[in-house]
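Sequential numbering from 1 along the given sequence is applied to the chain's residues. Nothing here was measured: the structure is a model prediction, and the numbers come from that model.
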Amino acid sequence: MEAITSFGPTFGSQFSLRSRTNSTWESKLSRSLRTSSKPGKLVRLKATPPTHTFVDPESSRTSVRPHTNSAYLSPSQWGDLFLSLSDDVSEMNALERDFETLKSKVRETFMSRSQGIEESKTRVDDMMIGEDDLYKVSIIFWVFRTYGHNMSSDVFKRFQGNNGKFKESLVGNVKGMLSLYEAAHLGTRTESIMDEALSFASSHLKKLSGGGNLPFHMSRQIENALHISQHRNLELVVVVEFIRFYEQEVDHDEVLLKFSKLNFNFLQLHYQQELEILTKWNKDMDFASNLPPFYRDRIVEMHFFMPAMFFEPQSSRARIMITKFYALMTIIDDTYDRYASIHDAESLTDSLERLDPDDAMDKQPDYCKFIFKFIMETFKDFESEFGSDSMKPTLEEFKALLKGSLNLAKWAQASHVPSFEDYLEIAEGEHTVCTSMAAILMGMKQIPTHEAYDWFKSKPKLVRTLGIKARLMNDIIGFKDDMDRGYVSNGINCYMNQYGVTEKEAIRELRKMITEADKILNEEILKNIIVPRRVWNVALGIARAVNFTCSASDDQYNNPKGKIKEYIISLFVKKIRL
């Protein structure tokens, strides 16, 4: 059979498998980025022979097989915890007073010791003359690159021997090695020295961490970095970890330490209040009774990622609203992916595109009517909270998400395995990255909205690369679940089928593409931009959320019992003692 879709450009005439198997993974990703920025047109996709018997969409509501492992979609582990945590207003006021008292003192201390990043960049060459401390050079490079200043990676050549390898004498500088490791994650595609630095630092840090000769807090810091680097981790997670590590340092600054603790505890009280509101809302909506058994009750986990986008106290309302929107997107994903028949999915899509129920809605199951009403009320709340102009781009991206989800559901229904390039074209548009970013920009009232949306709607390379990266990471972590449900329209299957490789080889190639995507994101950070860097930070916040969710051996979102549970307790439950 043939499937026809209206998403994206054509990829030219049919290619021979022999001619494409020798192409590099770099060109595959680059080609996807080039073509996905062209105007869309009809694409005719040649289906592979189905690996499963086709199921008539009218014959069963469960035409896309639901997951059989109930533990994988376990219920929320948080219950009413956040209804019982203290939200003493007097405690918040006291923390705020102490925080403001220390703020001026800390500012004076920093201003007397150093200059700001903008002032320092004009004299960076002078700062580096004769500097041979690996720790200092790595920290300066790391900070400059993080803030978008293209400091040359040649500064690390001074730590290489005549053979071009990093000197083994550096290994004794533990802090230096750790900082080199972190700095190496900001390398680009043309900087082989950063690849060498990452390989050198990683191998030696693993030995140092397991050697038993380091203080416990330093070993733990190294282990956390090897799990996921600070550059790719959630910023608030990094902050909380570092406060606890810094306290163990003999030469720590007591004023700075206390200031950091006050700041975090003050923020934590805001987050606890937000989770109390969201927990009550979640209970009132009674999703479990109104939706089929597929519903993922992850309201706490959804909120966990919000501070990565905007952490400030004044953004509480936005965090609450966007968490609700994440719940909406999760419900849509599960509806199209796990339960709805194609007929029901098409009817729901049509009604939501028109923002009005079609004639078929009356005959739909109650859960579809509930979803339609919930979505309509959510967007009405957005319009009231943020204004219609800010809400419209989110609505547009949401409609695109619906179309992509419907097309992927049709592929899954037909057991269709398209070419890898065609899959990326559809799946990138389907993924929640673009919709998430539009919603988060909607909640950022302090930025020039029209300017940000014009940039975002142009689908810049930063956004497109992030979409592909997120899709590939999600496909790798969710492959077993997909296959258990007979959901064969997965990037790994598409790659295996097209290039004739094993599952292990396909995953290895997809990971190479993810690595290249990370370097492209680093390159984009260093470019001059026409929008406030805070807008770019939204995309990086989403990237960090994806990294965190998909970096472990299991799915941290669907099965939140590993690192994410540990960090939720650390961020939202346990106070830091002053």
Side-chain angles (χ1 to χ4, degrees), residues 7-9 11 26-41 145-150 185-190 231-232 308-310 322 329 389-401 403-404 421 424-444 446-474 513-547:
F7 279 77
F11 284 84
E26 291 96 339
S27 65
K28 294 169 192 170
L29 180 56
S30 298
R31 183 167 55 252
S32 295
L33 288 171
R34 287 197 303 271
T35 55
S36 60
S37 62
K38 298 177 182 177
K41 60 174 76 172
R145 283 282 179 102
T146 297
Y147 283 90
H149 302 296
N150 194 5
H185 283 85
L186 286 101
T188 65
R189 290 175 292 176
T190 60
H231 177 57
R232 295 176 187 163
M309 320 307 169
F310 23 56
I322 306 307
M329 289 197 295
D389 287 344
S390 294
M391 184 270 292
K392 285 179 181 177
T394 304
L395 182 58
E396 291 173 6
E397 290 297 333
F398 177 69
K399 289 180 179 180
L401 173 70
K403 291 179 180 178
E421 286 83 0
L424 278 187
E425 189 68 24
I426 302 297
E428 180 194 358
E430 176 271 342
H431 203 275
T432 57
V433 165
C434 290
T435 314
S436 296
M437 189 164 183
I440 294 164
L441 291 176
M442 175 179 65
M444 297 175 67
Q446 66 272 46
I447 64 171
T449 306
H450 292 292
E451 190 178 89
Y453 281 130
D454 286 344
W455 172 80
F456 172 70
K457 287 190 291 186
S458 71
K459 293 296 183 287
K461 194 174 185 178
L462 176 73
V463 175
R464 288 182 281 117
T465 302
L466 177 54
I468 290 176
K469 171 186 168 162
R471 181 72 266 167
L472 296 179
M473 291 188 75
N474 186 71
M513 294 179 70
I514 291 168
T515 298
E516 189 197 9
D518 282 327
K519 293 180 179 180
I520 293 174
L521 292 176
N522 289 341
E523 292 167 5
E524 293 301 298
I525 294 173
L526 300 176
K527 291 182 178 179
N528 293 324
I529 55 176
I530 60 174
V531 292
R533 186 158 294 276
R534 185 175 178 113
V535 176
W536 280 45
N537 286 339
V538 170
L540 296 179
I542 294 174
R544 287 166 176 150
V546 172
N547 291 333

Checklist entry - Is the shortest heavy-atom distance from the side chain of L424 to the side chain of L472 under 4.5 Å? => result yes
Checklist entry - Are K519 and T190 close enough that some pair of their side-chain heavy atoms sits under 4.5 Å apart? => result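 In short, these two side chains do not touch, never coming nearer than 4.5 Å.
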Give me the atom names and distance for the closest heavy-atom approach of [X] to [Y].
X: L466; Y: A539; value: CD2-O, 3.2 Å
X: V463; Y: C434; value: CG1-SG, 3.9 Å
X: S390; Y: M442; value: O-CG, 3.6 Å
X: F456; Y: A438; value: CE2-CB, 3.9 Å
X: E451; Y: P532; value: OE1-CD, 3.5 Å
X: V538; Y: M309; value: O-SD, 4.0 Å

Item to check | Residue pair L526, T188: steps toward the side chain to side chain contact (heavy atoms under 4.5 Å, CB included) verdict | outcome: CA-CA 10 Å; L526 300 176; T188 65; 4.3 Å; yes
If I take atom [atom1] from residue [X] and atom [atom2] from residue [Y], how far apart are they, to the nearest 0.5 angstrom?
X: W536; Y: L521; atom1: CH2; atom2: CG; value: 9.5 Å
X: T146; Y: L540; atom1: OG1; atom2: CG; value: 9.5 Å
X: N522; Y: H185; atom1: CG; atom2: NE2; value: 9.5 Å
X: H231; Y: D518; atom1: NE2; atom2: CG; value: 7.5 Å

Item to check | Member of K457, K403, K459 meeting the salt bridge (Lys or Arg N to Asp or Glu O under 4.0 Å) criterion with E397 | outcome: K459
Checklist entry - Has the side chain of R145 got a donor or acceptor atom that lies under 3.5 Å from a matching backbone atom of G187? => result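 Checked: no pair found.
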Next on the checklist: When you measure from the side chain of E524 to the backbone of K461, do you find a donor-acceptor pair of N or O atoms at a distance under 3.5 Å?
Outcome noted: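 It does not hold such a pair.
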Checklist entry - Is K399 paired with E396 through a side-chain N to carboxylate O contact shorter than 4.0 Å? => result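 Salt bridge absent between E396 and K399.
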Checklist entry - Please walk me through it: do R544 and N537 pass side chain to side chain contact (heavy atoms under 4.5 Å, CB included)? => result CA-CA 10 Å; R544 287 166 176 150; N537 286 339; 5.8 Å; no
